[in-house]
Amino acid sequence: MDDSTRILEQRLAEALQDNDVLRRELERAEAAARSAQDELRLFAYATSHDLQEPLRSISSYAQLLERQYAGNAEAAEFTTYIVDAVNRMTVLIRDLLTYSRLPKPQKRTVSLTGLVQWAMMSLDAPIREAKARIIYENLPEVQGDESQMVQVLQNLFSNSLKYRSAVPPEIEIVAEEGDDAYTISVRDNGIGIEPRFHEQVFGVFKRLHGREIPGTGIGLAICRKIVEGHEGKIWVESGGAQGSVFKFTLPF
């Protein structure tokens, strides 16, 4: 064996050893990340549970005060503010809990038409109130977690209803088949989203409007987490003037 062969074999052995070290370090990092995620989920659950109890107490006492001072307009106004704030915080805690505890999706073949109809039924009252029209036809079967995908559609429909323009909302759902995934589009005729906010809207607590439009700023973050859990991606297309199209992919 000549010197060049020995040097080559030595370098190969060193490379294999380095690769083994890197693999072990990666495994430790992945284990640490999983542990941190588990701790975060437990913390979010415990925190939300601990916060809900005092909120219930505040709401109960506020309602007692409201009844006791029913004839006092100022007192009634103050207690209404308290109850409203408690309700907003309760919804926020609920959404945070949903976000932190999303399980691994249990995929199976489901009807996209059925998912759309399920989401519509859950939003029947706001759809009727807004006089919204929801359009869909010839939707395929897809691979996904039924309850989680309904959550995605509910959040997207709810956004279209909340951020509507002066005309009645019109929401259209279309599915396009690609090489390895379906692309689902939810198009509306609402107020639109400026391009500079297209990424920001998917962050937790990222709201583009004040309290005049209800919401917690977590709905689209939940959508992203669910879609990415299905190994897909989600994004929004809008010029900012009128209408938005939220798109997400579902691999075959």
Quick check: do Asp145 and His230 have side-chain heavy atoms less than 4.5 Å from each other? yes
Got more than 12 heavy atoms from elsewhere within 6.0 Å of CZ, Arg187? no
If hydrophobic clusters are built from ILVMFWY residues whose side chains come within less than 4.5 Å, do Val174 and Leu115 share one? no
If you define the side chain from C-beta out and look only at heavy atoms, does anything of Ile135 sit under 4.5 Å from Glu170? yes
Do Thr183 and Phe248 have side chains that approach each other closer than 4.5 Å (heavy atoms only, starting at C-beta)? no
Linking I/L/V/M/F/W/Y whenever any side-chain heavy atoms sit under 4.5 Å apart, do Ile234 and Phe197 land together? yes
Common cluster, Phe157/Trp235, ILVMFWY with side-chain heavy-atom separation under 4.5 Å: no
Got a donor-acceptor contact below 3.5 angstrom from the Asp188 side chain to the Ile171 backbone? no
Donor-acceptor pair between Tyr182 and Gln143 side chains, under 3.5 angstrom: no
Output for pair (Gln148 CD, Lys104 NZ), nearest 0.5 Å, gives 11.5 Å
Same cluster for Leu250 and Phe252 if Ile/Leu/Val/Met/Phe/Trp/Tyr side chains link at under 4.5 Å? yes
Do the charged groups of Glu228 and Lys233 touch, with an N to O distance under 4.0 Å? no
So, do His198 and Ser238 sit near enough that their side-chain heavy atoms are less than 4.5 Å apart? yes
Going hydrophobic residue to hydrophobic residue with side-chain gaps under 4.5 angstrom, can you get from Leu139 over to Val227? yes
Walk me through it: do Lys247 and Glu237 pass the test salt bridge (Lys or Arg N to Asp or Glu O under 4.0 Å)? CA-CA 8 Å; Lys247 296 186 176 184; Glu237 297 175 359; 3.4 Å; yes
Steps toward side chain to side chain donor-acceptor pair (under 3.5 Å) verdict (Gln63, Ser59): CA-CA 6 Å; Gln63 289 171 15; Ser59 180; 3.2 Å; yes
Beyond-backbone contact of Ile173 with Ile134, side-chain heavy atoms, under 4.5 angstrom: yes
What I'd like to find out is whether the side chain of Leu156 reaches to under 4.5 Å of the side chain of Leu220, using heavy atoms alone. yes
Using modelled atom types only, decide if a donor and an acceptor are shared between the side chain of Asn189 and the backbone of Arg164 within a distance under 3.5 Å. no
Kindly indicate whether the side chain of Val110, heavy atoms from C-beta on, has any atom under 4.5 Å from the side chain of Met149. no
Verify side chain to side chain donor-acceptor pair (under 3.5 Å) between Ser122 and Asp124, making sure each step is shown before the conclusion. CA-CA 6 Å; Ser122 69; Asp124 182 66; over 6 Å; no
Report, as yes or no, whether the 6.0 Å neighbourhood of atom CD on Glu74 holds more than 12 heavy atoms from other residues, nucleotides or ligands. no
How about Glu176: does its CD atom have over 12 heavy atoms from other parts shown lying under 6.0 Å from it? no
